[in-house]
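Single-structure report; data block below.
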Amino acid sequence: MDRGGSPRRKRLRKSPAMAQPLPQPSSTGDLTHRLASAHVDNADNADARGVVEPREVIERRRYEYLDHPADIQLHSWGPRLEEALEAVMMAMYGYMTDLEKVDEVYQYYFRGQGHDLHTMIFSVMEEVLCVFQSEPFFIAKRFEVTAFDREKFTIEARGYGESFDMERKHTQEGDIKAITYSNMQVLEQPERTDLYVIVDI
């Protein structure tokens with residue numbers, strides 16, 4: 001892609017730990033206990049990018065990067081699926097560039113549709129990635145879901161950001177080649193939804 005130069009993609013070194021697929025919970029309490037345990041275990045370790053961050057920073061932004069044998073797993077969460085989706089989009093952007101250098105210059109609208117939750121999530125994430133990889137090379141500082149129809153499996157969203165410009169402003173931290181269905185999980189509880197998406201890097 002041409003963003004004022006030919007960016008040199010780089011594959012980030014992964015830590016030895018591997019993210020394991022989450023077994024289906026036998027109860028809400030069981031799921032909550034296992035998620036809490038995983039957060040404690042990973043609190044002082046580098047994530048899949050090789051970056052160590054305070055747990056409070058991760059909890060505030062509502063996403064993290066989990067290691068995977070071949071790719072990387074994005075884990076996001078929120079009170080509802082809409083907030084978890086917003087966070088997973090920012091996880092994707094945050095893997096590709098330093099979001100501290102992104103400003104809210106204009107808005108870009110996205111729409112996704114599927115025949116179930118997984119295909120709907122894949123659809124909108126694929127569009128977000130495509131718009132980053134081609135004109136207008138849009139990168140969001142903030143992302144919000146504006147409409148979500150659970151019966152028709154449609155979603156509308158809006159990103160606030162600018163066009164990626166590596167020559168004058170932005171950095172390319174990592175490369176995401178594609179979204180995958182591999183082990184995609186939507187774990188919904190009354191007060192929290194967790195979303196797991198593996199992306200090809």
Side-chain angles (χ1 to χ4, degrees), residues 1-22 38-39 41-42 45-53 57-58 61-77 84-102 108 110 112 114 117-143 157 159 161-167 169-187 194-201:
M1 58 187 168
D2 184 8
R3 301 188 183 96
S6 299
R8 182 178 180 181
R9 307 275 188 171
K10 59 181 178 179
R11 187 182 181 91
L12 301 183
R13 180 176 297 178
K14 298 180 178 180
S15 60
M18 299 295 185
Q20 298 298 323
L22 290 176
H39 290 167
D41 292 342
N42 292 330
N45 297 327
D47 65 14
R49 303 166 299 164
V51 177
V52 178
E53 295 177 297
V57 172
I58 296 173
R61 72 185 185 202
R62 295 185 288 107
Y63 65 80
E64 63 184 347
Y65 304 96
L66 304 179
D67 221 340
H68 183 270
D71 299 305
I72 197 166
Q73 188 175 48
L74 309 179
H75 171 214
S76 68
W77 57 91
L85 282 166
E86 292 169 353
V88 81
M89 300 303 178
M90 296 313 301
M92 187 161 58
Y93 285 129
Y95 184 80
M96 297 186 291
T97 192
D98 180 1
L99 295 177
E100 293 295 324
K101 298 180 180 180
V102 178
Y108 198 93
F110 300 92
L117 282 179
H118 286 195
T119 53
M120 182 199 72
I121 292 168
F122 181 93
S123 173
V124 69
M125 290 188 70
E126 187 176 51
E127 183 180 358
V128 168
L129 182 61
C130 180
V131 170
F132 172 76
Q133 294 175 335
S134 59
E135 290 285 355
F137 308 120
F138 180 77
I139 187 85
K141 176 80 169 185
R142 181 165 56 95
F143 196 93
E162 61 185 326
S163 295
F164 187 87
D165 185 349
M166 194 170 68
E167 185 176 90
K169 184 175 184 181
H170 305 112
T171 59
Q172 183 155 3
E173 304 296 328
D175 182 28
I176 294 178
K177 298 176 182 176
I179 314 301
T180 79
Y181 284 108
S182 176
N183 201 32
M184 184 184 291
Q185 299 178 66
V186 180
L187 305 178
D194 286 79
L195 176 58
Y196 294 83
V197 180
I198 293 175
V199 293
D200 180 17
I201 61 173

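Since the model is a prediction, treat every value here as computed from it, not as a measurement.
Under the ring-ring contact (aromatic ring centres under 6.0 Å, His included) criterion, Tyr63 pairs with Tyr65, not counting sequence neighbours.
Nearest heavy-atom pair across Gly159 and Phe143 is CA-CD1, 4.1 Å. Scanning all heavy atoms of the two residues, the minimum distance from Ile139 to Val102 falls at O-CG1, 3.8 Å. Heavy-atom minimum distance, Ser76 versus Ala87: CB-CB, 3.7 Å. Across every non-hydrogen atom of His118 and Met184, the tightest pair is CE1-O, 3.1 Å. Shown here for Glu173 and Tyr95, the closest heavy-atom pair between the two residues is CB-O, 3.6 Å. Taking every heavy atom of both residues into account, Lys101 and Lys169 meet most closely at O-CE, 2.9 Å.
Between Tyr181 and Thr119 there is a side-chain heavy-atom pair separated by less than 4.5 Å. Using a 4.5 Å heavy-atom threshold, the side chains of Met166 and Thr97 count as separate. Contact of the Met89 side chain with the Val124 side chain is registered, since non-hydrogen atoms from C-beta on lie closer than 4.5 Å. Residues Met125 and Met92 meet the side-chain proximity criterion, which asks for heavy atoms closer than 4.5 Å. Residues Phe132 and Ile176 are not in side-chain contact: their nearest non-hydrogen atoms beyond the backbone lie 4.5 Å or more apart. Side-chain contact between Tyr93 and Leu99 is present, with at least one heavy-atom pair separated by less than 4.5 Å.
Atom CD in Glu127 sits 7.5 Å away from atom SG in Cys130 (nearest 0.5 Å). The OG1 atom of Thr180 lies 11.5 Å from the CD atom of Glu126; values are rounded to the nearest 0.5 Å. Here CG of Asp194 is found 9.5 Å from CD of Gln185. Values are rounded to the nearest 0.5 Å. Rounded to the nearest 0.5 angstrom, Leu74 CG and Leu66 CG are separated by 8.5 Å. In this structure, Tyr108 OH and Ser163 OG are separated by 9.5 Å, a value rounded to the nearest 0.5 Å.
Judged by distance alone, the side chain of His170 and the main-chain N or O of Asp165 form a donor-acceptor pair under 3.5 Å.
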> Does the pair Lys177 and Asp71 meet the rule for a side-chain contact (heavy atoms from CB on, under 4.5 Å), with working shown?
Replying inline: CA-CA 10 Å; Lys177 298 176 182 176; Asp71 299 305; over 6 Å; no
>> Test side-chain contact (heavy atoms from CB on, under 4.5 Å) on Gln133 and Phe164; report intermediate values, then the result.
In response: CA-CA 9 Å; Gln133 294 175 335; Phe164 187 87; over 6 Å; no
